[in-house]
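No hydrogens, no waters, no symmetry mates; every other heavy atom, side chains included, goes into these values.
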Amino acid sequence: MAKTKDSLQALKMQAANEVNVPLKQSGYNGDLTAKQVGSVGGQMVRKMIENYENGTMR
């Protein structure tokens with residue numbers, strides 16, 4: 001379970017970097033707008049779909 005949680009955290013940070021959202025790995029992120037958070041979530045979904053289609057998702 002910890003491996004899955006770490007993998008999702010890494011994916012979230014990668015997605016935030018790709019859409020230029022200043023997401024902090026730990027601590028308070030309440031200063032982000034809903035649009036920024038939605039951009040990160042949307043990018044995560046795109047990456048998960050891409051990984052599934054490429055057969056790299058377990």
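In this structure, the side chains of Asn29 and Gln36 stay at 4.5 Å or more apart for every pair of heavy atoms.
Among the candidates Lys47, Met44, Gln43, the single residue satisfying the side chain to side chain contact (heavy atoms under 4.5 Å, CB included) test with Gln14 is Lys47. Put simply, the residue from Thr33, Val40, Val37 that forms a side chain to side chain contact (heavy atoms under 4.5 Å, CB included) with Val21 is Val40.
Nearest heavy-atom pair across Arg46 and Ser39 is NH2-O, 4.4 Å. Nearest heavy atoms, Lys12 versus Leu23: CG-CD2, 3.6 Å.
Residues forming a side-chain contact (heavy atoms from CB on, under 4.5 Å) with Gln25 (at least two apart in sequence, or on another chain): Gln9, Met13.
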